[in-house]
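Here is the structure we will look at.
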There are 2 protein chains.
Amino acid sequence: MTDRLTYKQDLTHCGLKKTRHRLVILDILDHSDQPVTAEQIFARLQDRRIAINLSTVYRTLDTLVLNKLVTRLSITQDGRALHEYNRRVHRHYLVCQGCRKIIPIDGCPLADYSRQLEQETGFQISGHKLDLYGFCPQCRQQHPEGQRTAHASDPKSQANCED
Amino acid sequence: MTDRLTYKQDLTHCGLKKTRHRLVILDILDHSDQPVTAEQIFARLQDRRIAINLSTVYRTLDTLVLNKLVTRLSITQDGRALHEYNRRVHRHYLVCQGCRKIIPIDGCPLADYSRQLEQETGFQISGHKLDLYGFCPQCRQQHPEGQRTAHASDPKSQANCED
DNA sequence: TTATGTGCAAAGGTTTTGCAATAGT
DNA sequence: ACTATTGCAAAACCTTTGCACATAA
């Protein structure tokens with residue numbers, strides 16, 4: 001969690017105007033424990049009785065992502081883009097296939113592998129994307145049967161997700 | 001590359017009818033060196049003078065993905081889903097940020113890490129998704145300047161992609 | 001004052017769906 | 001014959017855009 005002053009400094013640093021919308025959206029993102037969609041941000045703004053247009057939310061998110069104040073995740077929620085406050089930490093996620101909870105995990109197991117692959121392929125590797133899938137302790141108890149096949153029966157589930 | 005007989009066997013095994021459309025779509029996927037979008041499949045069918053509706057392509061892909069004959073990648077091409085023939089190999093990808101080429105890489109560096117994470121988090125981990133990004137040898141030569149910042153200036157580029 | 005940001009309404013693009021007709025088993 | 005599959009057209013869905021107005025610097 002950061003404070004309003006930091007948001008203002010960040011916006012100034014990026015040459016962006018410090019509008020109320022941007023400050024509140026940064027605040028919402030910063031205080032979300034889960035990555036959020038544009039629609040969810042829109043809803044939370046309504047909750048706070050802040051009048052804003054959905055297209056402004058999209059435009060603001062684009063601007064913030066472009067300026068790297070916000071990160072757009074590769075994990076999607078049924079085709080909707082997910083966003084989170086950019087804490088400038090290289091981070092991976094553990095996604096529960098039962099309750100769809102997303103948990104950031106610390107550390108990255110790929111630094112060495114990445115370098116090794118650069119040598120093998122001749123690519124200059126600039127980054128990577130890693131998400132892990134499974135069932136959280138709660139969902140393991142609630143749906144013990146479907147755990148290994150849940151994603152097989154769900155047409156929306158991500159591929160590339162195998163044992 | 002497999003042959004038409006295998007496609008038929010696979011469809012039978014899944015309890016699916018062996019229609020001409022499905023056989024050709026499997027053939028197209030099987031012979032693509034790059035993952036393809038529904039639209040690309042549609043175009044290749046037109047090239048072969050095969051009359052088909054785009055929605056049938058979508059429905060067919062859904063069915064094939066559901067039955068695990070085809071894999072839907074998590075990498076997307078500007079919001080369009082990519083598909084490939086399921087060779088039943090656990091596989092990761094190296095994506096060139098210059099020419100957008102996608103290269104499958106062998107092996108998986110995450111088996112141990114995955115088990116370790118299970119113990120730490122209490123999750124039952126059922127799979128993961130890993131893509132790596134960079135610049136292929138050709139693109140390294142052609143765009144030596146923009147290599148480390150290309151994705152920063154591209155609003156469409158994937159996030160989660162850092163050093 | 002001037003460039004940037006915003007609201008509104010409309011369009012964009014991919015993907016999904018309802019229903020009647022067709023084709024596989 | 002029975003059911004799964006398909007074509008067609010329309011809708012759904014998230015997201016983007018044009019233009020006039022408003023706001024921050």
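Below, chains carry the letters A, B, ... as their sequence lines are ordered, and counting in each starts from 1. All heavy atoms count here, side chains included; hydrogens, waters and symmetry mates do not. Quick caveat: nothing in here was measured; it's all calculated off a predicted structure.
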Revision key, fill the gap. Taking every heavy atom of B/P137 against every heavy atom of A/F123, the minimum-distance pair comes out as CD-CD1, 4.0 Å
Review point. So which nucleotide from C/dC8, C/dG5, D/dT6 ends up closest to the side chain of B/T19?
Key: D/dT6
Review point. Contact class for A/R59 (heavy atom, under 4.0 Å): base, sugar-phosphate, or nothing?
Key: base
**Study point:** Short side-chain N/O contact to C/dT16 OP1/OP2 from B/Y58, under 4.0 Å
**Key:** no
Point to revise | Separation of D/dT6 P from B/D62 CG (nearest whole Å) | key: 12 Å
Check your understanding: Is the phosphate of D/dT6, meaning OP1 or OP2, less than 4.0 Å from a side-chain N or O of B/T60?
Key -> yes
**Study point:** Option among A/I28, A/L29, A/I25 that satisfies the side-chain contact (heavy atoms from CB on, under 4.5 Å) test with A/H83
**Key:** A/L29
**Study point:** Any donor-acceptor N/O pair under 3.5 Å between D/dA25 base and A/K18 side chain
**Key:** no
**Study point:** Short side-chain N/O contact to C/dG7 OP1/OP2 from A/T56, under 4.0 Å
**Key:** yes
Review point. Phosphate oxygens OP1/OP2 of C/dA23: is one of them under 4.0 Å from a side-chain N or O of B/H21?
Key: no
Practice item. Please check the phosphate of C/dG5 (OP1 and OP2 only) for any side-chain N or O of A/R22 closer than 4.0 Å. Key: yes
Review point. Touch check for A/T63, heavy atoms < 4.0 angstrom, all strands: base, sugar-phosphate only, or nothing?
Key: nothing
Practice item. Could you work out which one of D/dT17, D/dT15, C/dG24 sits closest to the side chain of A/R80? Key: D/dT15
Exercise for review: Indicate yes or no: does A/D62 engage A/R59 in a salt bridge with an N to O separation below 4.0 Å.
Suggested key: no
Practice item. State plainly whether the residues B/R115 and B/D112 are in salt-bridge range, i.e. N to O under 4.0 Å. Key: yes
Review point. Nearest to the side chain of A/N53 - C/dT15, D/dT6, C/dC8?
Key: C/dC8
